[in-house]
Every structure is written in structure tokens, then in C-alpha cells.
Amino acid sequence: MGNIILTGDRPTGRLHLGHYIGTLKNRVRMQNEGNYDEMYVMIADAQALTDNFDNPKKIQDNLHEVILDYLSVGIDPNKVNIFIQSEVDALTTLTYYYMNLVTVSRLQRNPTIKTEIKQRGFETSVPMGFLNYPVSQAADITAFKANLVPVGDDQLPLLEQTNEVVRTFNRIYGDTLVECEAILPESDIEKRLPGLDGNAKMSKSLNNCIYLADSSEEVHKKVMSMYTDPNHINVSDPGKVEGNMVFTYLDVFSNDEQIKKYSEFSSLDEMKEQYKKGGLGDVKIKKVLYEVLEELLTPFREKRKYYEEHMDEVDKILKEGTIKAKEKASKTLKEVKKAIGIDYFE
Ligand code: TRP
């Protein structure tokens, strides 16, 4: 059996460089390598509602931002079914049957859920829908028989939960569902890109992000305000490279070709050496990073602009992707009902 790839994002905000390096880049690579039978990318609007049920407008607005982000980084609708979670009713039905297989205490022990409950102030009273979203995520993945799931590493506990559901289901009702595996970037720094301010994570709530949709001016402003070495006051002072976000980002995003092109150094290592010795100013290194990021982001902006001007095409992409997703999920739901023995009219 060939690979089936599925992944998704909650449309609660624009996607940023952390998303790009943490998972979008992997998705585009996998899409282009072509080593799969089917590939799905889901906009998880129903999951987003579990903690934004009182603000559906936010989800609606960001749904379009997220699909534009996908298309702008090169997710190709000819190769990938992009679809909307809430349109696929079979996912909700699957969730209902899977809920029997997971205990409340197991959900409360999920590290991702634990953190999110704290962040949202749900400690005293957590909405059932929110606590249950890992079960619904198990439905998202298993409905497509996905075995490969390119995600950020915060999603690992959710995939573990999915595989527990799969094993329990198959044990009780017979072999039906498929276990999955996370596809993560190789290095720790890519798994969790720090914020512009040096905070451990690039995150919307911390206001330390460069968004994929940021203009050239915005990127420039943000790079110029990045956290470097607070003790590197004069250009002639020796500077620290570790924990200096500009070098951290250069490590992730640049190659030596670009360092040659945008500085007087022939490699990033050489540039770091000079910075450590003293005599290399922050403005200079920031300019290099700005150019490197612009090389990445400019083609994204062009694609985004095209689709912004052709929103009818975007709608069509979503509609067609959703139709295919519905077909596949319904087929799995039938198999699940048959396995349980509730396929009365078949
Ligand atoms: N939990 C993911 C997020 O927070 C979104 C998501 C929903 C997802 N269902 C999924 C990711 C299935 C991968 C597979 O963005």
C-alpha cells in the first residue's frame, strides 16, 4: 500500500515563518517528491471552534488567510486536496464512535491539551468539545487512512492519542484503521523556531512573528528590531552568536551562497568568527538576514497576490478538495460502521 499524507491547521491566524520551517516546508517537499497515493491538507475550522466558539468570525476570516498561505508557499492544488473540516460530516460521526474508546482522564493527561487548558484559562471548567478535540483529530487522520502526518512537534501527543484509538478500535472491532507517523523537520531549531525576541517559540500571542504575508517593509522593520546580544553595544565589541536570533535565523534560512552574495564573508562560519572577535555591527548582520528572508518570501508574495486577485479559483480549489475528502471519509465511515456491526441497511 502506498503512502497517504494528511495534515492540517486551525485557522486562528496567519501562518508565520515558524509554521513554514516547522511543517509547511516539509509538506511542499513531500508533495513534490511524489512518494504517495493521496495527499490531503485540512483547514481545521471545527477544531478551531472548540476554543473560539464565541468568535466564529475570527475563524471565517482566517480560513481564507490560511488557504492563501498554503497556496503562496507552493502547496499545489493539482497534487493536494485542500479541504474544510466542518464540511466533512463523516468526521463528526467517526468522532462519536471513537469517544467510547478514550477516557476523560487520558485526555486530561495529554501534555498539549494540558498546556492549552492553562493558556485558555479553562482550568476550572473545560468545555467538552475542547477536551475532546484529540479524539476528533483521531477521526481527521484515520478517516483518510493517513499513515504520514507532517506537523509541528507540539502535535506529537495528538498523534500518539490517534494511534491509541487505532489500536483500541482494531483490537475490539477488527483490523480497520491505520496507525500514523509524524513527519518532523530534522533539527530542533526547525522544530521550534524561536521568536524574534528570543522567546522559545514564534507565536502570534507573543507578537514575535514574521508572517508569510508580511510586506517587505514589515519584514525589514521586524528584522531590524530582532534580539541579538544585549552586551554588543559598539561595533568593535566582541559579540555573542549563541542565543543571538539573527545568527539563529541565518543558521536556519541561509546558505553560504547567499552569505557571499549579501556580505563580504564567504561563509556563515566566517561571519560568525568576525562577530565574535568584534568589528561586525548588528545592522550589517540584520541586513544580510533581511535579504535572505526576502529571497524566500518574495515568490510567496507573488503567488499570494495572484490568488488574492483570483479568489474564485481559491473557492473552486476548496470546493473540489472538499468533495474528494467527503468521498474518502464516507468510505471509511462505512467500514467503521461495518466493523462495529451497525451497518444495518447495507
Ligand atoms: N491540531 C492541529 C493544529 O493545532 C490541526 C489539526 C486538526 C490537525 N486535525 C489535524 C493536524 C489532523 C494534523 C492532522 O493546528
Side-chain angles (χ1 to χ4, degrees), residues 3-16 18-24 26-27 30-31 36 38-52 58-59 62-63 65-67 69-70 75 80-88 90-92 94-95 98 102 107 110-117 119-120 129-166 177-185 191-192 201-205 209 212 321-322 325 328-329 332:
N3 292 318
I4 298 180
I5 305 171
L6 175 128
T7 186
D9 302 275
R10 295 182 202 168
T12 52
R14 297 178 158 197
L15 303 181
H16 53 60
H19 294 116
Y20 178 72
I21 212 70
T23 173
L24 294 172
N26 259 343
R27 299 179 193 180
M30 291 170 87
Q31 159 196 292
Y36 56 86
E38 296 158 44
M39 182 163 174
Y40 300 89
V41 177
M42 179 182 77
I43 306 186
D45 63 334
Q47 186 177 109
L49 274 173
T50 63
D51 62 338
N52 292 283
K58 172 172 157 193
I59 310 301
N62 282 305
L63 193 138
E65 291 300 331
V66 168
I67 182 155
D69 284 328
Y70 289 160
I75 302 260
V80 176
N81 293 307
I82 307 175
F83 73 96
I84 301 179
Q85 184 186 27
S86 64
E87 287 290 320
V88 184
L91 298 177
T92 325
L94 285 172
T95 304
Y98 295 172
V102 182
L107 291 168
N110 183 312
T112 303
I113 302 299
K114 263 183 158 167
T115 318
E116 289 176 337
I117 285 179
Q119 285 168 349
R120 287 157 182 73
F130 186 78
L131 188 65
N132 195 53
Y133 93 70
V135 182
S136 129
Q137 187 152 331
D140 300 337
I141 296 169
T142 56
F144 298 90
K145 306 257 169 100
N147 63 320
L148 302 178
V149 185
V151 280
D153 77 340
D154 61 322
Q155 297 294 304
L156 289 178
L158 291 150
L159 301 199
E160 216 173 281
Q161 178 68 76
T162 297
N163 285 340
E164 281 177 34
V165 168
V166 170
L177 305 175
V178 178
E179 286 193 48
C180 69
E181 176 194 334
I183 305 294
L184 298 171
K191 281 183 196 148
R192 194 154 297 203
K201 201 178 169 191
M202 184 173 275
S203 138
K204 188 181 48 185
S205 53
C209 313
L212 300 173
T322 301
K328 176 83 183 202
T332 304

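Start at 1 and go down the list; that is how both ligands and their atoms are numbered.
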*Is the shortest N/O to N/O distance between T7 and ligand 1 below 3.5 Å?*
no
*asked:* Would you compute the distance between atom CD1 of I183 and atom OG1 of T23 and round it to the nearest 0.5 angstrom?
replied: 10.0 Å
*Does the N or O separation between Q137 and ligand 1 drop below 3.5 Å for any pair?*
yes
*Tell me: protein heavy atom nearest atom 7 (C) of ligand 1, and distance?*
Q47 NE2, 3.2 Å
_For L6, atoms of ligand 1 separated by under 4.0 Å from a heavy atom_ = 12 (C), 14 (C)
*asked:* Can you name the atoms of ligand 1, numbered from 1 with element, that are less than 4.0 Å from a heavy atom of I141?
replied: 12 (C), 14 (C)
*Do NZ/NE/NH1/NH2 and the carboxylate oxygens of R14 and D69 come within less than 4.0 Å?*
no
*Does R27 pair with D9 as a salt bridge, N-O distance under 4.0 Å?*
yes
_With heavy-atom distances below 4.0 Å as the criterion, list the atoms of ligand 1 near V151._
13 (C)
*Taking all non-hydrogen atoms of both residues, which atom of K58 and which atom of T12 are closest, and how far apart?*
CE-O, 3.5 Å
*Nearest protein heavy atom with distance in Å, relative to atom 4 (O) of ligand 1*: R10 NE, 3.2 Å
_Taking a cutoff of less than 4.0 Å between a non-hydrogen atom of the residue and any ligand atom, is M42 in contact with ligand 1?_
yes
*Under 3.5 Å between some N or O of ligand 1 and some N or O of D9?*
no
_Distance under 4.0 Å to a non-hydrogen atom of A44: what atoms of ligand 1 satisfy this?_
7 (C)
*Do side-chain atoms of T162 reach the backbone of L158 as a donor and acceptor pair under 3.5 angstrom?*
yes
_Is it the case that the side chains of Y98 and Q137 hold a donor-acceptor pair, with the cut-off being a distance below 3.5 Å and no angle test?_
no
*Determine the sole option in D140, L24, V151 for which the side-chain contact (heavy atoms from CB on, under 4.5 Å) test with T7 is passed.*
V151
*Who's the nearest protein heavy-atom neighbour of atom 9 (N) of ligand 1, and how far?*
D140 OD2, 2.7 Å
*asked:* Checking a contact table here: which protein heavy atom is nearest atom 2 (C) of ligand 1, and how many Å away?
replied: Q155 OE1, 3.3 Å
_Which label fits F83 and Y40: parallel for a plane angle under 30°, tilted from 30 to 60°, or perpendicular past 60°?_
perpendicular
